[in-house]
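Accompanying notes for the structure given below.
We're numbering straight along the sequence, starting at 1. Both ligands and their constituent atoms are indexed starting at 1 by order of listing.
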Amino acid sequence: MTGTLPIRTADPEEAAVLMARNGCALLTGRGTDAAAAQAVAGDVLGELLALPDASAVREGGEGDRGLVGATEEMGVHVDGFAYGDRHPDALFLLCARQSAEGGQSMLVDGEGVLQQLAHIDPELWHFLHEVPVDLTEPDMHATCSPIVLRLPSGRCAIRRSPYMAPAPDAQDPDRDATLIARWSDLLGALGSVAPRFTLHPGEVLCVDNYRMLHGRGPFAGERVLWRIWAWSPRSGGLPEGALHSDSRYAARSA
Ligand SMILES: [Fe+2]
């Protein structure tokens, strides 16, 4: 199974080990304010290339443009795609307040999915690794590259966002559109059956944003998380310009 439950720990060093091994961890015993959020990434990962200010995630979930309302499920995705190929490789979600109903989280292990795809759908596997796709969010950093981005270090960044379309110069745009849909549908289906877990106040979901896809179920009532995007030395590098833990500085005009 590629759905993953994060292992709880109160030890930031163990959380780092779990992130490296499993792609995720659930760090417990933290505070719930902005300062607590700001401290988490460094406590877990140590030295970082960039640690922007935390972003408060409230009604409407994590969609910076309110694409997904609280009453809808937010399918699994990676964060920071507005920054193009240089998106953050680490995501931390600190729960300040959990909703009265729902709001459970889920994770899908993208590496595990690809390992299985290599055997059961090699056409899709090759497409994901080799064929450039237009991943540009409107008005944000332009990016046209394979969905599975291989960095010079050998590390891969696996992506799923609402913005995936055949490249403008695609040789066979109809085929590319079909394969993009197959990838998106597969991850959507895996996310819908992935095991659910609840973040409680003071708990932090620590995610390898290059490997794992995350989402949440619908919820009712106030739900407040702090989101931290971090760029580690193992990331693909920093995007140009100012950074924040949302896409406010990712606009082309910024
Ligand atoms: Fe997200």
Side-chain angles (χ1 to χ4, degrees), residues 2-6 19 23-27 37 40-41 44 51-99 102-110 113 135 137-138 140-141 143 147 149 157-164 183-184 187-188 190-192 194-199 203-219 223-232 235 239 243-250:
T2 51
T4 302
L5 284 173
M19 280 181 79
C24 58
L26 213 167
L27 183 61
V40 164
V44 173
L51 176 59
D53 287 346
S55 177
V57 180
R58 297 176 183 276
E59 166 68 23
E62 298 160 52
D64 290 321
R65 293 175 168 180
L67 291 174
V68 180
T71 57
E72 298 174 69
E73 177 160 311
M74 180 178 288
V76 293
H77 60 281
V78 300
D79 262 18
F81 43 80
Y83 286 109
D85 286 348
R86 296 195 165 185
H87 59 309
D89 64 330
L91 161 68
F92 298 87
L93 289 168
L94 169 60
C95 179
R97 181 185 176 120
Q98 188 50 274
S99 53
Q104 291 186 307
S105 299
M106 64 278 200
L107 292 162
V108 169
D109 183 355
V113 175
L135 293 150
E137 179 175 348
M140 301 292 179
H141 282 243
T143 182
I147 287 174
L149 183 67
I158 300 162
R159 296 177 287 183
R160 184 197 192 217
S161 87
Y163 309 104
M164 302 188 293
W183 170 243
S184 193
L187 290 177
L190 292 171
S192 70
R196 309 288 161 126
F197 57 94
T198 300
L199 292 172
E203 294 186 336
V204 190
L205 180 58
C206 312
V207 181
D208 177 341
N209 192 47
Y210 283 4
R211 170 177 170 180
M212 309 296 289
L213 302 106
H214 65 279
R216 60 126 183 95
F219 64 91
R223 180 178 188 266
V224 182
L225 304 179
W226 290 102
R227 178 177 55 209
I228 302 97
W229 288 346
W231 281 259
S232 86
S235 70
L243 298 173
H244 197 81
S245 293
D246 59 28
S247 60
R248 70 183 66 182
Y249 296 131

Query - the Fe ion (ligand 1) - closest N/O/S atom in His77 - result: NE2

Query - Asp79: its N/O/S atom lying closest to the Fe ion (ligand 1) (atom name) - result: OD1

Query - Check: Arg159 main-chain N/O paired with Trp183 side-chain donor or acceptor under 3.5 Å - result: yes

Report summary line: Applying salt bridge (charged side-chain N to carboxylate O under 4.0 Å, His left out) to Arg160 and not counting sequence neighbours gives none

**Report entry** For Arg211, all residues meeting side chain to side chain donor-acceptor pair (under 3.5 Å), sequence neighbours excluded
**Finding:** Asp109

Query raised in the report: What's the atom name of the N, O or S in His214 nearest to the Fe ion (ligand 1)?
Result: NE2

Query raised in the report: Under 3.5 Å, side chain of Arg227 to main-chain N/O of Ser245, donor-acceptor pair present?
Result: yes

